There are 2 protein chains.
Amino acid sequence: MRADARRNYDKILATARIVFTERGTDSSLDEIAKRAGVGPGTLYRHFPTREALVDALMQDWTDRVSADADAAIATGLPAREMLLGWFEHFIDHITLHRGAASKICAAMDDPASPMYRKCRVMGDANRRVIDHLDESGDLRPGVDAANVMRLVSGVASVADTSHADLDVRPMLEVVVDGIVRA
Amino acid sequence: MRADARRNYDKILATARIVFTERGTDSSLDEIAKRAGVGPGTLYRHFPTREALVDALMQDWTDRVSADADAAIATGLPAREMLLGWFEHFIDHITLHRGAASKICAAMDDPASPMYRKCRVMGDANRRVIDHLDESGDLRPGVDAANVMRLVSGVASVADTSHADLDVRPMLEVVVDGIVRA
DNA sequence: CACAATACGGAGACTGTCTCCGTTTTAGCA
DNA sequence: TGCTAAAACGGAGACAGTCTCCGTATTGTG
């Protein structure tokens with residue numbers, strides 16, 4: 001990659017991070033280009049779709065989400081507390097930019113999406129947590145990690161969409177009770 | 001309301017029902033106007049926002065949702081089965097038009113939304129089901145009807161957004177297990 | 001330093017939203 | 001029935017966002 005290209009790539013990404021945080025993932029891409037000091041053509045060459053741009057920003061999170069999963073397992077807390085903590089961290093990450101959660105929900109089961117791979121990384125992180133639960137015999141039979149992931153992303157999505165800023169905890173408690181063995 | 005106004009109002013609504021079903025609630029409103037044989041001005045006079053149009057279409061469902069809730073209670077089935085059935089019906093209704101579920105999620109906690117009142121009607125229907133569960137002692141303590149509603153709408157939203165057409169049942173089973181007393 | 005390859009950027013085509021206002025339709029009344 | 005004021009129509013067009021094309025500029029390599 002040529003030096004000027006790399007420079008612009010980074011500028012666009014940094015600007016997108018700011019704008020997406022300020023105004024959500026539906027902000028105007030042309031405006032991001034303008035604020036980054038590049039032409040729209042340049043933005044679209046580097047990131048052909050909005051999803052591709054969101055995806056590039058997600059790199060940081062997937063790492064953190066992965067780390068959080070392992071950290072949650074390592075705490076050694078009882079199943080309910082561990083799960084609650086993990087879910088809350090997960091939701092915090094994927095709602096960092098308004099609108100991102102529902103994009104992730106959509107990409108999760110769509111292998112054609114540029115974000116699919118990153119969703120898998122997060123899915124794997126979640127699977128480790130659920131598997132750990134299973135090994136310690138705390139998992140209710142029939143619970144599938146992929147569905148847990150969908151369910152928690154759904155909660156994130158609701159919280160993100162909701163105008164009131166909602167406490168996700170009570171919803172997560174229901175989910176957790178449905179996951180851990182009675 | 002003048003006769004021509006009523007005629008156009010009905011034509012727009014009928015067309016919107018078709019287009020929203022075919023292509024989801026994000027279809028072009030100008031196109032709906034065109035297919036209904038009216039000018040865009042007419043559409044926007046009757047329905048100032050897209051939400052207002054979705055809201056008008058929702059009238060049918062809220063009635064059916066309400067009826068379904070009472071029917072579920074009347075079945076006399078055990079708590080788990082009754083809840084599962086109710087949730088599935090509810091989701092069927094609110095995912096009738098692609099994109100509607102997430103609009104409902106958003107409107108649910110936004111009193112300024114034109115759809116807010118209808119969401120309340122559905123919320124009340126759900127509350128009746130949950131209250132019934134509570135009376136028969138099947139409700140896990142601390143479970144709140146509003147959060148159940150949010151949770152299930154979240155599932156609907158995930159299913160609706162998902163490209164693969166997803167079976168909601170396994171997710172609902174987790175939710176149900178989190179709701180009924182162990 | 002030259003020149004091929006690479007990247008830039010902005011004009012503009014296109015699509016969708018929404019409004020304004022001149023024209024048409026309606027309903028009530030003589 | 002014919003007249004009139006009020007109500008409603010509809011489409012031109014302003015505006016905003018997406019995305020592309022291609023003439024111009026920058027880069028790095030021989």
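A quick note: this is a predicted structure, and the numbers were derived from the prediction, not measured. Lettering follows sequence order; numbering is per chain, from 1.
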Ignoring hydrogens and angles, write down the donor-acceptor pairs under 3.5 Å from the side chains of residues 12-20 of chain B, residues two or more places apart or on other chains.
unit_1: B:T15; atom_1: OG1; unit_2: B:K11; atom_2: O; d: 2.7
unit_1: B:R17; atom_1: NH2; unit_2: B:D60; atom_2: OD2; d: 3.2

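- Here D:dC19 presents its P atom at 11 Å from CD of A:E51, a figure rounded to the nearest Å.
- With rounding to whole Å, A:Y44 atom OH is found 13 Å from C:dC14 atom C1'.
- Between A:I12 atom CD1 and C:dG9 atom P there is a gap of 9 Å when expressed in whole angstrom units.
- Rounded to whole Å, atom C1' of C:dA7 lies 15 Å from atom CG of A:D10.
- Between A:N8 and C:dA7, a side-chain N or O to OP1/OP2 separation shorter than 4.0 Å is absent.
- Atom P of nucleotide C:dT15 and atom CD1 of B:I32 are separated by 17 Å, given to the nearest angstrom.
- Near-neighbour residues of DNA chain C inside residues 16-25 of chain B, defined by a heavy atom below 4.0 Å, are absent.
- Between A:D10 and A:R6, at least one side-chain nitrogen of the basic residue sits less than 4.0 Å from a carboxylate oxygen of the acidic one, meeting the salt-bridge criterion.
- Grouping the Ile, Leu, Val, Met, Phe, Trp and Tyr side chains by contacts below 4.5 angstrom, directly or via other members, places B:I73 with B:M122.
- Two rings, from A:H97 and A:W61, have their centers less than 6.0 Å apart.
- Residues A:A5 and B:R45 each lie close to DNA chain C; by heavy-atom proximity, the contact nearer the 5' end of the strand is made by A:A5.
- Taking 4.0 angstrom as the limit, A:T42 places a side-chain polar atom (N or O) nearer than this to OP1 or OP2 of C:dG9.
- Sorted by first and then second residue, the side chain to side chain donor-acceptor pair (under 3.5 Å) pairs with a member in residues 169-182 of chain B read B:R80-B:D177, B:E88-B:R169; sequence neighbours excluded.
- Using a 4.0 Å cut-off between charged side-chain N and carboxylate O, B:K103 and B:D26 make a salt bridge.
- The residues A:R98 and A:E22 are annotated as not salt-bridged, no charged nitrogen and carboxylate oxygen being separated by less than 4.0 angstrom.
- Remark: the B:S136 side chain and the B:D138 side chain contain an N/O donor-acceptor pair separated by less than 3.5 Å.
- Nucleotide C:dT6 holds its P atom 17 Å from the CZ atom of A:R6, rounded to whole Å.
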What are the atom names and distances for every N/O pair under 3.5 Å that joins the protein to nucleotides 14-17 of chain D?
none

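- B:T75 pairs by the side-chain hydrogen bond (donor to acceptor under 3.5 Å, both in side chains) definition with nothing, not counting sequence neighbours.
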Base-contact (B) and sugar-phosphate-only (S) positions in nucleotides 23-30 of chain C, heavy-atom cut-off under 4.0 Å, - elsewhere: --BSS---
Tell me, with the steps shown, if B:I94 and B:M58 meet side chain to side chain contact (heavy atoms under 4.5 Å, CB included). CA-CA 9 Å; B:I94 71 170; B:M58 276 178 62; over 6 Å; no
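- Inter-residue side-chain proximity for A:I130 and A:M149 is flagged as unmet; no heavy-atom pair is nearer than 4.5 Å.
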Criterion side chain to side chain contact (heavy atoms under 4.5 Å, CB included) on B:H163 and A:D109, from CA distance to verdict: CA-CA 6 Å; B:H163 289 229; A:D109 293 294; 5.8 Å; no
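- Summarising the geometry, the separation between NZ on A:K34 and P on D:dT18 is reported as 12 Å, rounded to the nearest angstrom.
- In this entry the distance linking OH of A:Y9 with C1' of C:dT6 reads 17 Å, nearest Å.
- Contact annotation for A:P40: base contact, defined as any heavy-atom pair under 4.0 Å involving a base atom.
- For the pair A:H46 and C:dC8, the criterion of a side-chain N or O lying under 4.0 Å from OP1 or OP2 is met.
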